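All heavy atoms count here, side chains included; hydrogens, waters and symmetry mates do not. Note on naming: letters A, B, ... go to the chains in the order of the sequence lines (proteins, then strands), and numbering restarts at 1 for each one. Source: prediction; values computed, not measured.
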Amino acid sequence: EAQVTQNPRYLITVTGKKLTVTCSQNMNHEYMSWYRQDPGLGLRQIYYSMNVEVTDKGDVPEGYKVSRKEKRNFPLILESPSPNQTSLYFCASKVGGGGTEAFFGQGTRLTVV
Amino acid sequence: GQQLNQSPQSMFIQEGEDVSMNCTSSSIFNTWLWYKQDPGEGPVLLIALYKAGELTSNGRLTAQFGITRKDSFLNISASIPSDVGIYFCAGQLGRDMRFGAGTRLTVKP
């Protein structure tokens with residue numbers, strides 16, 4: 001089954017404690033991205049990756065890091081989480097950077113206290 | 001970065017009613033997409049539009065790509081309780097993909 005898998009689904013952590021949210025896709029997609037979803041703001045892109053070892057900032061990259069060492073995996077790293085990063089995070093993948101549909105993971109609800 | 005203007009923000013309708021929502025932008029897009037998000041899940045693609053003026057249906061859903069390439073609408077006919085959720089529009093130009101803030105739909109039986 002074609003899917004995008006995120007882990008964990010829920011996470012509560014304390015300010016400053018480094019964390020990683022994993023994302024994996026089994027569709028051999030080149031393009032992967034991370035979004036955060038906040039009430040009234042919709043989905044805002046954090047980082048995206050056009051292919052292995054190619055990453056770039058989205059609209060709200062501050063406080064986040066990513067890496068793309070393998071095609072299927074695109075982890076999101078919060079080196080020093082802060083309460084304003086409490087949000088619902090989605091990973092997505094698609095075939096290419098152009099006009100093709102994106103497939104989303106189920107989301108990771110992060111709470112930073 | 002600029003997001004799309006999606007309206008309405010929320011809708012409360014009776015089962016069986018038709019629903020209409022739309023997205024506008026000051027920028028043009030090559031692709032318009034409509035997603036639905038169920039509670040606790042990620043967005044799932046409903047309809048993709050690739051050409052200005054295109055009108056596409058998927059069951060009870062109909063969406064159109066505006067001829068100016070700056071807007072799109074989604075209609076849902078004869079709503080049912082499982083239509084409940086948040087509907088997002090997305091516009092895409094090259095690698096740039098923008099989302100609306102979402103329309104939260106509630107359907108009363």
Can you tell me which portion of [X] sits under 4.5 Å from chain B's heavy atoms? Options are side chain, backbone, both or neither.
X	answer
A:Arg9	side chain
A:Gln37	side chain
A:Ala102	both

Are [Y] and [X] co-members of a hydrophobic cluster defined by side-chain heavy atoms under 4.5 Å apart?
X	Y	answer
A:Val66	A:Leu110	yes
B:Leu46	B:Phe65	yes
A:Leu43	A:Val21	no
B:Met11	B:Leu61	yes

Given the options B:Gly40, B:Ala48, B:Pro43, which has more heavy-atom pairs under 4.5 Å with chain A than any of the others?
B:Pro43
In terms of heavy-atom pairs under 4.5 Å with chain A, which of B:Gly102, B:Ala90, B:Gly42 leads?
B:Gly42
Taking NZ in A:Lys65 as the centre, count heavy atoms belonging to other residues, nucleotides or ligands within less than 6.0 Å. Is the count above 12?
no
Heavy-atom neighbours of B:Ile80 CD1 exceed 12 at 6.0 Å:
yes
With a 4.5 angstrom heavy-atom cut-off, is it the side chain or the backbone of [X] that approaches chain A, or both, or neither?
X	value
B:Gln37	side chain
B:Phe29	neither
B:Gln9	neither

Please name all residues satisfying salt bridge (Lys or Arg N to Asp or Glu O under 4.0 Å) with B:Lys51, sequence neighbours left out, ordered by chain then number.
none
Salt bridge (Lys or Arg N to Asp or Glu O under 4.0 Å) partners for A:Asp56, two or more places apart:
none
Nearest 0.5 Å please: distance from the CD atom of A:Gln45 over to the CZ atom of B:Phe99.
8.5 Å
To the nearest 0.5 Å, what is the distance between NZ (A:Lys94) and CG (B:Leu45)?
11.0 Å
Heavy-atom closest contact (A:Gly40 atom, B:Ala101 atom, distance)
O-CB, 3.5 Å
So, applying ring pair (Phe, Tyr, Trp, His ring centres under 6.0 Å) with B:Tyr35, which one of A:Tyr35, A:Phe104, A:Phe103 is it?
A:Phe104
